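Report on one structure; see the data block that follows.
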Amino acid sequence: MCKLGDIIVVNKYVAENGEKIGRHSFIVIDDNADSIQGIEYTHVTTVISSFKDEEQRKSKLKHKGNLEIVEFEKNGNTKEFKKPSYIKADKLFYFNKNKLDYYVFGRISDELLDELVKLIILLEKENKLTLVTDNL
């Protein structure tokens, strides 16, 4: 069972461009079951991606919908990602845990979760969110 702020690793999912992707990390931003477009979901998440290099890092962080993530908690310990990473806050992925092959990897800090939620609210007000429902 995963909860708000957890980092989950999804073994297979469909990206916003329709491409099938293997093993990727997401942050749970909503764990209340509901429905969208008449289809039930149990989790709303944002995807985590890694920077290829410092030039890409600078470029990606200029985009308002991206948020750098450096640390996470795992088994009560603070750890760093193997590669510098960021959260794509402007893309919300909807999943149904009954159809999802995943595991909980860790969790983000409450401070980062607050910052992420505030960014998502701002992006929503600006109509800059992409809702990805292809995994339902």
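Please read these numbers as outputs of a predicted model, since none were measured by experiment.
Judged as a salt bridge (charged side-chain N to carboxylate O under 4.0 Å, His left out), the pairs with a partner in residues 6-18 (not counting sequence neighbours) are, in order, Asp6-Arg107. Evaluation of the side-chain hydrogen bond (donor to acceptor under 3.5 Å, both in side chains) test over residues 43-53, restricted to residues two or more places apart or in two chains, returns none. Residue pairs satisfying the side-chain hydrogen bond (donor to acceptor under 3.5 Å, both in side chains) criterion with at least one member in residues 114-130, sequence neighbours excluded, are listed as follows: Lys64-Glu126.
Scanning for side chain to side chain contact (heavy atoms under 4.5 Å, CB included) contacts around Asp134 gives Val14, Val132, with sequence neighbours left out. Glu54 pairs by the side-chain hydrogen bond (donor to acceptor under 3.5 Å, both in side chains) definition with Arg57, not counting sequence neighbours. In this view, Asn17 and Ala15, Glu19 satisfy the side chain to side chain contact (heavy atoms under 4.5 Å, CB included) rule, not counting sequence neighbours. Looking at residues two or more places apart in sequence or on another chain, you find a side chain to side chain contact (heavy atoms under 4.5 Å, CB included) between Glu111 and Ser109. With sequence neighbours excluded, no residue forms a side-chain hydrogen bond (donor to acceptor under 3.5 Å, both in side chains) with Asn66. When the side chain to side chain contact (heavy atoms under 4.5 Å, CB included) test is applied to Lys74, the partners found at least two apart in sequence or on another chain are Phe72, Lys79, Phe105.
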TODO: Check the pair Val47 / Phe93 against side-chain contact (heavy atoms from CB on, under 4.5 Å), numbers first and verdict last.
DONE: CA-CA 8 Å; Val47 68; Phe93 287 80; 3.9 Å; yes

Task: Pair Ile39-Thr133, side-chain contact (heavy atoms from CB on, under 4.5 Å): steps then yes or no - done: CA-CA 9 Å; Ile39 303 171; Thr133 58; 6.0 Å; no

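Between Leu123 and Gly65, the shortest heavy-atom contact is CD1-CA, 3.9 Å. Of all heavy-atom pairs spanning Ile120 and Ala89, the tightest one is CG1-O, 3.6 Å.
Under a hydrophobic clustering in which Ile, Leu, Val, Met, Phe, Trp and Tyr are joined whenever their side-chain heavy atoms come within less than 4.5 Å, directly or via other members, Leu113 and Val70 fall into different clusters. The cluster map of Ile, Leu, Val, Met, Phe, Trp and Tyr, joined by side-chain heavy atoms under 4.5 Å apart, puts Leu129 and Tyr41 in the same cluster. Under the 4.5 Å side-chain heavy-atom criterion for ILVMFWY residues, a single connected hydrophobic cluster contains both Leu131 and Val117. Linking ILVMFWY side-chain heavy atoms closer than 4.5 Å, directly or via other members, places Tyr13 and Val9 in two distinct hydrophobic clusters.
Residues Ile69 and Leu67 are not in side-chain contact: their nearest non-hydrogen atoms beyond the backbone lie 4.5 Å or more apart. Contact check for Ile87 versus Leu112: side-chain heavy atoms found under the 4.5 Å cut-off.
Hydrophobic side-chain contacts under 4.5 Å tie Leu61 into a cluster, directly or through other members, with Phe51, Tyr86.
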Show which side-chain atoms of residues 94-101 pair as donor or acceptor with protein atoms under 3.5 Å away, not counting sequence neighbours.
unit_1 : atom_1 : unit_2 : atom_2 : d
Asn96  : OD1    : Asn98  : N      : 2.9
Asn96  : OD1    : Asn98  : ND2    : 3.4
Lys99  : NZ     : Leu136 : O      : 2.8
Asp101 : OD1    : Asn11  : ND2    : 3.1
Asp101 : OD2    : Asn11  : ND2    : 3.0

Which donor-acceptor pairs under 3.5 Å do the side chains of residues 23-31 make with protein atoms, sequence neighbours left out?
unit_1 : atom_1 : unit_2 : atom_2 : d
Arg23  : NH2    : Tyr103 : OH     : 2.9
His24  : NE2    : Ile48  : O      : 2.7
Asp30  : OD1    : Asn32  : N      : 2.9
Asp30  : OD1    : Asn32  : ND2    : 3.2

